[in-house]
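Data block below; observations after.
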Amino acid sequence: MMTIFLMILAFSSLWLVLIATPVFKSLDPSFWEQSSNDFVAGMPLTEEMKGNFSVIKNEFFEDLFQWEDQDPALFEGDIMFLGEKNAILSSSYRWPNAKIPYEISNVYTPDQREVIAFGMNEYHENTCIQFVPRTSEENYIRIYKKGSGCSSYVGMINIGSQDVSLDDGCISRIRPGIVLHELMHAAGFFHEHTRPDRDTFIRINFENILEKHIFNFNTNDASKVTTLGLPYDYDSVMHYSRYAFAIDRTRPTITPVPNEKVEIGNRRKFSSLDLLKLNELYCSEVK
């Protein structure tokens, strides 16, 4: 696997990726009290990771996702923040030794646990990142159904437990890339379509987006985000789909340019560039 990665790194052209570190100046005690009281840890996904997982193919899988169910209070639709956001590249938001400790709620069905385990295994098989059952680690993610759709913090926020919300609509054999997407936020990445240079590669139809959802399409300021110098990736699991948050579902909110037929909004699997991002950020420093 490492040989494949080195080949990709050697022959691929450079492309941009958004990486950020959230900085928290204040915490809302009521938020943490609410989120902590309804979490009961279940068994780790150890057994599920041994099984055979099959993705159900469906050409129209993107149309099944209910974008309006996303929490409108969240940054970019599915990113949780407390306090101010700082996007200066720093090792402080990366998980030490590429290990992300986790606890998972006991409410998930066996099938849902298999989908989540598949997502974690994709990281294990293709990167050096490992999701490990939490023992005594101070910083870790908690995976559970918060009732707010699909969401995550960006990177390790360094305040103990941090939530990854995977409600029923986020877990599917048809689109397992949603789990990959939220876990990639947890690893430290923003959305592809919010890059500072995105207008060179896509066109946003703001007239087809409800005003309360327009902020999901704001670009990140080039002075506040650090890139790895890698090119735009239409096929990334971190890219919004063509009809994301559309008022009229017959008209796209995002159109690729200059080739309008390019597929965007992949929710099936990592793109080769997604893997390059993850390996570049974490694996070059892991011994």
Side-chain angles (χ1 to χ4, degrees), residues 34-35 38-42 44-45 48-49 53-58 60-81 100 102-123 129 131 140-155 161-194 213 216 235-246 249 253 264-271 274 278:
Q34 177 184 6
S35 63
D38 58 0
F39 181 87
V40 178
L45 297 169
E48 286 82 357
M49 290 190 182
F53 180 87
S54 60
V55 176
I56 299 176
K57 294 183 179 180
N58 187 314
F60 305 102
F61 70 98
E62 276 304 321
D63 291 337
L64 299 175
F65 188 70
Q66 301 299 310
W67 291 94
E68 62 271 17
D69 289 342
Q70 294 289 75
D71 189 334
L74 297 179
F75 180 76
E76 294 184 17
D78 68 341
I79 296 176
M80 294 184 285
F81 281 120
I100 304 179
Y102 75 91
E103 289 184 353
I104 184 169
S105 170
N106 68 347
V107 303
Y108 290 109
T109 67
D111 188 69
Q112 289 174 330
R113 286 172 59 88
E114 286 187 7
V115 176
I116 297 171
F118 167 79
M120 290 184 177
N121 261 330
E122 287 296 284
Y123 283 83
I129 297 172
F131 290 88
Y140 63 99
I141 63 172
R142 300 187 310 172
I143 304 170
Y144 74 117
K145 302 178 185 180
K146 294 191 66 174
S148 58
C150 325
S151 60
S152 175
Y153 292 92
V154 175
S161 65
Q162 59 186 78
D163 298 335
V164 175
S165 176
L166 292 176
D167 289 350
D168 290 338
C170 312
I171 309 170
S172 170
R173 290 178 185 268
I174 295 175
R175 48 191 189 280
I178 294 178
V179 173
L180 299 177
H181 178 109
E182 298 306 335
L183 294 180
M184 200 160 170
H185 278 317
F189 293 86
F190 280 125
H191 293 126
E192 188 74 1
H193 73 278
T194 62
H213 291 309
N216 295 311
D235 195 39
S236 173
V237 296
M238 302 307 289
H239 204 300
Y240 271 6
S241 67
R242 194 176 295 266
Y243 298 94
F245 293 100
R249 295 284 295 175
T253 53
I264 60 174
N266 165 27
R267 293 296 178 268
R268 294 185 298 271
K269 61 181 181 179
F270 283 127
S271 71
D274 285 330
L278 291 161

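Note that the numbering runs from 1 along the sequence shown for the chain. Scope of the values below: all heavy atoms of this structure, side chains included, with no hydrogens, waters or symmetry mates.
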Query raised in the report: How far apart are the C-alpha atoms of I100 and Y123, what are their side-chain angles, what is the distance that settles it, and do they pass the side-chain contact (heavy atoms from CB on, under 4.5 Å) test?
Result: CA-CA 11 Å; I100 304 179; Y123 283 83; over 6 Å; no
Query raised in the report: After noting the C-alpha distance and the side-chain angles of F131 and L45, does the key distance pass the side-chain contact (heavy atoms from CB on, under 4.5 Å) rule?
Result: CA-CA 10 Å; F131 290 88; L45 297 169; over 6 Å; no
**Report entry** Worked check of side-chain contact (heavy atoms from CB on, under 4.5 Å) between D163 and F39
**Finding:** CA-CA 10 Å; D163 298 335; F39 181 87; 5.9 Å; no
Do the side chain of [X] and the main chain of [Y] share a donor and acceptor less than 3.5 angstrom apart?
X    : Y    : result
T253 : A244 : yes
D167 : G149 : yes
N266 : S236 : no
R249 : Y243 : yes
N121 : F118 : no

Is any side-chain heavy atom of [X] less than 4.5 Å from a side-chain heavy atom of [Y]?
X    : Y    : value
L183 : I141 : yes
V115 : Y108 : no
I116 : E48  : no
N216 : Y240 : yes
K145 : D168 : yes

Query raised in the report: How far does NE2 of H181 sit from OG of S152, to the nearest 0.5 angstrom?
Result: 9.0 Å
Report summary line: In this structure, CG of D111 is separated from CD of E114 (nearest 0.5 Å) by 6.0 Å
Report task. May I ask you to decide if the ring planes of F245 and H213 are parallel, tilted or perpendicular, using 30° and 60° as cut-offs? Result -> tilted
Query raised in the report: Angle class for the H239/H193 ring planes (parallel below 30°, perpendicular above 60°, tilted otherwise)?
Result: tilted
Requested in this report: Apply side-chain contact (heavy atoms from CB on, under 4.5 Å) to the pair V237 and K269, showing each step before the final yes or no.
Outcome: CA-CA 7 Å; V237 296; K269 61 181 181 179; 5.9 Å; no
